[in-house]
Every structure is written in structure tokens, then in C-alpha cells.
**Student:** 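Just passing along the structure, written as C-alpha cells.
The structure displayed is predicted, hence computed values, not measured ones. Here is the naming used below: chain letters follow the sequence lines, and residue numbers restart at 1 for every chain.
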Number of protein chains: 2
Amino acid sequence: MPVTMNGLKTACSQCNLVELCLPFGMSDSELHQLDELVGARRKVKRQQSLYRAGDPFEAIYAIRAGSFKTDVLLEDGRDQVTGFQMTGEILGLDGISTENHSCNAIALEDSEVCVIPYAKLEQLSHEVEGLQHQFHKVMSREIVRDHGVMMLLGSMRAEERLAAFLLNMSQRFTARGFSAAEFHLRMTREEIGSYLGLKLETVSRAFSRFQEEGLIAVQQKHIRLIDSSGLRRLVQHQTASCGR
Amino acid sequence: MPVTMNGLKTACSQCNLVELCLPFGMSDSELHQLDELVGARRKVKRQQSLYRAGDPFEAIYAIRAGSFKTDVLLEDGRDQVTGFQMTGEILGLDGISTENHSCNAIALEDSEVCVIPYAKLEQLSHEVEGLQHQFHKVMSREIVRDHGVMMLLGSMRAEERLAAFLLNMSQRFTARGFSAAEFHLRMTREEIGSYLGLKLETVSRAFSRFQEEGLIAVQQKHIRLIDSSGLRRLVQHQTASCGR
DNA sequence: TTTTTTGGTTGACGTGGATCAACGGGCATG
DNA sequence: CATGCCCGTTGATCCACGTCAACCAAAAAA
């Protein structure tokens, strides 16, 4: 597993991702107390894993650059993408419960993460007022997000799922200072399908259909949202009837 | 909202649910430090809600008796059950992220919960070594569970989902000292269906099919597992082919 | 450059589960 | 006791999405 470690210390107080990351909302003085938090940085190349299911849990990770997917797999080979993560988001929370990771985290592009040793996080939580609460918020947000995905998988139709996915991506790109209307997806149709509980052909067809209807412009992984309120309408209502 | 509050203090150290609940794995001395944790007990009658989406978040809840479901709903009326909770399990974690609850928690039978004011939990986490870690584990376990549900909803077929559901219920009843093979479901077919992303008719048919095949005996909400390894096989493999 | 591989699109067809509908048993209520 | 409602079961039909297959463009490798 050829991964690169480098000893460069990264101070949260110097990082431009604070507003998206674990230290969000903490005071300046608290922020400086976090300079001990990050153990090291680690680069992960495209397609490589940051951790795999079964690996002993030692740290959580904050994405400094790049993006990841997480997936779980059954013995029979079926797998399911459980999430896509972007800069500032936290990976590895699944490992706390059993002291072993329960999913794989794989880089969708050459990426870099901050390694936050869990022991250090627990320790600093006692010292830095606000860190504990902030960490709880991050975990809670993940739970709420998961409920949203369950809603999507359990009660939405294919096109509604894809529309919801695109709007979610758009919103997260916006939060990172990128265009809300135009972005580049780092994952394949198959990965999107796995996340949305659909086959890649269905995802492809839905993309084509959105394009025909003038909702978006698709060019491979490059997406332009033309009528995002149309997409929003599609998620919430799907015209009439048909509410399965 | 006719709910009953009573001021009866409940000490975790006196509770026979410790092994299932938040204080699991904590030392005796730590346990006694938790006697401040539970603010009050609260009774919730069948069909009543413990909290609703949008309610301000103030506390998490440990189920002392009875059982609950949580669900989220879209504006258009569609709803999705996101989980069923039994004694010792923790409710309300979704509220931390935004300071408001994001789902409804509804009692499936007359129930009682321990109210754990979140502020007190945070405060005690600083004083009681181990509480913080235990709480993190509870949240992490919820995340892992959610991933399992996503797997179920995203890549399993109707009968596999129901088999997985039954095995999960069995395992949780076992952990509570009840029979692994015979139990009473507190939720309707429709609620099971909502949780599993299926219509109630499909759930009913799957039950009938399992009965025909001699895997289980069904009598309304009363279930007896006859061939649980058969169910397990069904979850993991579904004979051959057909891996959608 | 050509070749190969990988990812995406599109069409034809099949099917699992949704939908619609009828019916029946349990359980609560008067 | 009868009445009514909720819940579960079962059948017939439909359709959204999966499956299978051919093809093409882009990217990677040679």
C-alpha cells in the first residue's frame, strides 16, 4: 500500500478550511489550542484506500484536498457506496464503535488528509471547551445525512434520487466557493448508481432525460445545472400521483 | 401532547439495563458518578411522540421500557421509518447537529425513557473518564447501523431485506434476554415496509413465502424463527445469480 | 501514432415489486 | 352481544428499473 506520509505539521489555525471542518465555530483562542490536534498529513493517490474495513481504528481524518468515497461490502461481492466526501469533511467515524473500521475509504482523486489521532482528540476535548461539542455535531450531522440517504433509497424514484444527488453536490460545491451551477463529478456512473441504489444504465438514462428536458447539461463528468428549481420540484413532488 | 413526567430520580448504577445502555463497559466507580446524568423519567403512551422534527434539542433519551420508531417525512407526505429502538438504546442523537430534532420519535407501545439533558452529558463527560468515549461509541454505532440499512435498501431484494430485518430483531431480543426464536413485533407491516423500502403488501407476501418455505411461523405480529440459518443464507447469497 | 482499456450511452426485453382491489379476522367500542 | 375499524392477506395487473447487448468516445498504454 504505497502511501506517502510527511511529517509537516498542519495547524488548524492556519488552515483555510476551518469553516468547513471540525473546528468550525470555535473561537480564535480555542483554535490555537488545536495546533496539537493534527498528528500528520497523509497523501492518498487516486484509487488508493485511506483505510479498509477491518483495519484497526486509530484516527479520524479531515480531508484537506481531494475527495473520497466510502463503501461497505457483503461477502457475496455486492457493495454499496455509503457516501462521497469532500474537503473539510471528516472520515473514519465508523471506526469508533468497534475499534475497527467498518467500511473502505477510497480516494476519488489524488488527495490529502489530516490525520487526527483519536486518543489526542479525546484528550483535547477535555481541555478545549467547544471541541467536544463540535465533534458531537460532526457525528450527529453524519447521522442526519444518513437518514436523508435512507429516505432517498427507501422512498424516492430513480430520477428523484439523481436530482437530489445533483442538488446536494451543487450545495456542497457552493459551500466550498465553487460554482453552484457547474461542476465536475469525480465519481463514475457506477459509483453514483451504487450510492443511489440504481444500476449505472439507469443513472445514465436519467442524466440523458434531464438533459432532454433542459434541466441540466451533461458532458461526461462535467455537469451544468440549468434549471435547479426544476430539479428541486422533481425531488419534492414528481408532478402528481406516482408517490410510491 | 398529554405526556407524563415524574420526578423520580433514576440512578444508572441501580438500573438493570446498564449492559445495553450508555454506561456499558464503565467501571463501578464511574457508574456512581453518573447518578447525576438522568434528569428525569418520562412516560410516553403508544402512538405518542417523544419528540417531533423541528422540536428544539435539549436532551437525549435512553429507553427504559417499551420501544419506539423514528421517521422522517417529506413535504409531499411520503415518510420513511429510519429505525426501530428497543430498551437501552439511545434516541435523539440527530438533534445535536442543528440544535433541532430532524425526525419524529414515536412510541410503538406504552414506554418510558430516561431524559438525559445534553448539557449535563457534556459537562459530566469532562468529569467522568469513560463517559465521553462511551457516548462516542454509541454515536458511531448508530452511523454503522445506518450504513447497514443503506446497504439493505440499496442492494438487497425484498426477501433478503425482510430476512435481514428478522435476524436483526432476533439478535436484539436475545441481547435483552428474550428468546432468539420467538418474539412479538410491535410494529405494523406498513411500518416494516417503510423501514425496508417496500410496500406493506410486499412485506406480507414475503412473510407468507417464508412460512411456506418453512423458515418461520407467522401469526400476526407473533414470529417464530424455525430455520434461522436458512434466513442467514438468504441474506448473504440468495442462491446464485440475481445479484442486482 | 495505433491499440487497448475503461466509462458512458442507448435500445430491446424481462421481471420484481408497486398498484389496485377484494376480502377476512382481531380487537376495541358501544 | 353486535358493530366498526384497523390490519393483514391474497390475487390480478402494470410499470419502473434491471438485465443483456451493442456501440462509441475518451483516456491510457504501447
**Student:** Name the closest nucleotide to the T202(B) side chain, picking from dG8(D), dG18(D), dG17(C).
**Tutor:** dG17(C)
**Student:** Name the nucleic acid region contacted by G193(A), choosing base, sugar-phosphate or nothing; use a 4.0 angstrom heavy-atom cut-off, strictly under.
**Tutor:** nothing
**Student:** By nearest heavy atom, map Q47(B) and S208(B) onto DNA chain D; which one lands nearer the 5' end?
**Tutor:** Q47(B)
**Student:** Between F84(A) and Y195(A), is the gap from one ring center to the other below 6.0 Å?
**Tutor:** yes
**Student:** Choosing from dT9(D), dG7(C), dT10(C), which nucleotide comes nearest the side chain of K221(A)?
**Tutor:** dG7(C)
**Student:** Within this structure, what is the CD-to-C1' distance between Q219(A) and dA26(D), rounded to whole angstrom?
**Tutor:** 12 Å
**Student:** Does R189(A) qualify as a cation-pi partner of F207(A), given the criterion of NZ or CZ under 6.0 Å from the six-membered ring centre and within 45 degrees of its axis?
**Tutor:** yes
**Student:** Over the length of the helix from dT1(C)-dA30(D) to dG30(C)-dC1(D), how much do the five-pair end axes diverge, rounded to 10 degrees?
**Tutor:** 50°
**Student:** Name the nucleic acid region contacted by S204(A), choosing base, sugar-phosphate or nothing; use a 4.0 angstrom heavy-atom cut-off, strictly under.
**Tutor:** base
**Student:** Choose from dG8(D), dT9(C), dT10(D) the nucleotide whose nearest atom is closest to any side-chain atom of V218(A).
**Tutor:** dT9(C)
**Student:** Let me know the distance between CD of E201(A) and P of dT10(C), rounded to the nearest Å.
**Tutor:** 13 Å
**Student:** Decide yes or no, distance alone: a donor-acceptor N/O pair under 3.5 angstrom between the base of dG8(D) and the side-chain of R205(B).
**Tutor:** no
**Student:** So what does L200(B) touch, heavy atoms closer than 4.0 Å: a base, only the sugar-phosphate, or nothing?
**Tutor:** base
**Student:** Check the distance between dC7(D)'s C1' and L108(B)'s CG and give it to me in whole angstrom.
**Tutor:** 15 Å
**Student:** Could you walk me through whether R46(B) and E109(B) satisfy the salt bridge (charged side-chain N to carboxylate O under 4.0 Å, His left out) test, starting with their C-alpha distance in whole Å, then the side-chain angles of each, then the deciding distance to 0.1 Å, before giving a yes or no?
**Tutor:** CA-CA 4 Å; R46(B) 188 175 128 83; E109(B) 59 193 306; over 6 Å; no
**Student:** How far does CZ of R42(B) sit from CZ of R64(B), to the nearest 0.5 angstrom?
**Tutor:** 15.5 Å
**Student:** Give the rounded distance in Å between these two atoms: CD of Q220(B) and P of dC27(C).
**Tutor:** 7 Å
**Student:** Which nucleotide wins on minimum distance to the side chain of R157(B), given the candidates dG17(C), dT9(C), dG8(D)?
**Tutor:** dG17(C)
